[in-house]
Protein chains: 2
Amino acid sequence: MNNTESGAAFTELLLEVFRLNGVLLTEGDRLTADLGLTSSRWQVMGAISEHPLSVPYIAREMGLTRQGVQKMVNILMKEGLVEFEDNPHHKSSKLVSLSAEGRKRLSRIDDIQRAWANQIARDHDVDDLKRTFRFIRQLRDTLERKQS
Amino acid sequence: MNNTESGAAFTELLLEVFRLNGVLLTEGDRLTADLGLTSSRWQVMGAISEHPLSVPYIAREMGLTRQGVQKMVNILMKEGLVEFEDNPHHKSSKLVSLSAEGRKRLSRIDDIQRAWANQIARDHDVDDLKRTFRFIRQLRDTLERKQS
DNA sequence: ACCATTTTGACAACTTGTTGTCAATCAACC
DNA sequence: GGTTGATTGACAACAAGTTGTCAAAATGGT
């Protein structure tokens, strides 16, 4: 079976997404190395910065397994960056929220991340950024619908 | 510091890239689960399907560390899917090539992967796919240039 | 109110990456 | 030809995710 033109283009894109993912993780870690927070940790913290959320909810939000997020949350708990709140809708599934220290730490990271994002984004057209975001999300939708 | 419009768009894109990356890996593994080869294994095998390459070269190609690729290659070696060839340019750094069995296995995977890519790509505009590829690569270029 | 199904947390084993370090090899230059 | 610096393979420790399993808790239909 031969590749269609679209199929070949999709495969090229897919490999490039893997590479970009790697570079983004590396950069994210580098940005906040001195603050003692890796990319995945502040991503979890970012998810609960507005409202406290349960672990499975965060996982669905980020496209990860609940076990993986649970592990991360347990570590953040040990480090005193998040707290558990009672969940009115579920006795044993607590809501995770930022502690005062967690909030302070996240806000410093947010400053750094925002400055960095602004700087990178300056070199690119805002419409390209938005269009690419929409297309990537659409691609993910297609993939997720096919697998179900 | 507030986000610029571009900065916010970039951050949104970045989070979506993480999610797409996850879905792609999951799908890749699901596709070839019965063939006993995970995504990362056939990615490495794909890299050497044209010409034998050294481990560090594969790593640079894929945007990974040489140690990570080395680990993968050692596993593929144990399973008899790749072989080491003498490298005329380096006494101890062998070239990695596909074994007969590896080539056979990869060609089956390629068929499956191609059919899948064609099917997914069918739902999307080929120009969008190409444009997105170019933009993502450009983004990665920017990121890699900033960090050096 | 009961029962079947789903959701959840906890734990273990595993995969795929990372960094750091060491010694061996290679390349370049004086 | 010797020294110096970069590249390489091997190994260890670690990070971040996965799957699978179990029991407890929640949910929904009859």
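Please read all numbers here as calculations on a predicted model, not as lab measurements. Residue numbers begin at 1 in each chain, while the letters A, B, ... track the order of the sequences.
Look at A/Ser40 and you'll find a side-chain N or O under 4.0 angstrom from OP1 or OP2 of D/dA16. Close to C/dT18, at under 4.0 Å from its OP1 or OP2, lies a side-chain N or O of B/Thr65.
If you run salt bridge (charged side-chain N to carboxylate O under 4.0 Å, His left out) between B/Lys130 and each of A/Glu16, A/Glu12, A/Glu5, only A/Glu5 comes through.
A/Glu85 approaches A/Ser97 most closely through the heavy-atom pair OE2-OG, 3.1 Å. Nearest heavy-atom pair across A/Gln43 and B/Leu15 is NE2-CD2, 4.2 Å.
Taking atom CG on B/Leu24 and atom P on C/dG17, their separation rounds to 14 Å, with Å as the unit. Between A/Leu95 atom CG and C/dG9 atom C1' there is a gap of 14 Å when expressed in whole angstrom units. When the P atom of C/dC14 is taken as reference, atom CE of B/Met72 falls 16 Å away, rounded to whole Å. Atoms CG (B/Asn21) and C1' (C/dT16) sit 12 Å apart, rounded to a whole Å. For A/Gln43 and D/dA16, the CD to P distance is 10 Å, given to the nearest whole Å. Taking atom CD1 on B/Ile58 and atom P on C/dG17, their separation rounds to 13 Å, with Å as the unit. At whole-Å resolution of the value, CG in A/Leu53 and C1' in C/dT7 are 16 Å apart. For B/Trp42 and C/dT16, the CH2 to C1' distance is 15 Å, given to the nearest whole Å.
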When you check every protein heavy atom under 4.0 Å of nucleotides 4-14 of chain D, what one-letter string (B, S, -) results, 5' to 3'?
-> ----BBBB-B-
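Heavy atoms of A/Leu25 sit nowhere under 4.0 angstrom from any nucleic acid atom.
The rotation axes computed at either terminus of the helix from C/dA1-D/dT30 to C/dC30-D/dG1 lie 40° apart, taking five pairs at each end and rounding to 10 degrees.
One finds the OG1 atom of A/Thr132 at 9.5 Å from the CG atom of B/Asp128 (value rounded to the nearest 0.5 Å). Between the CZ atom in B/Arg145 and the CG atom in A/Asp123 there is a gap of 7.5 Å [rounded to 0.5 Å]. Rounded to the nearest 0.5 Å, atoms CG (A/Leu31) and OG1 (A/Thr38) are 12.5 Å apart.
In terms of hydrophobic clustering, with Ile, Leu, Val, Met, Phe, Trp and Tyr side chains grouped at heavy-atom distances under 4.5 Å, B/Ile48 and B/Leu95 are assigned to different clusters.
Legend: ring pair (Phe, Tyr, Trp, His ring centres under 6.0 Å) pairs involving residues 6-62 of chain B, not counting sequence neighbours, sorted by first then second residue: A/Trp116-B/Phe10.
For the 3.5 Å distance criterion, the side chains of B/Ser54 and B/His90 fail to qualify, holding no donor opposite an acceptor.
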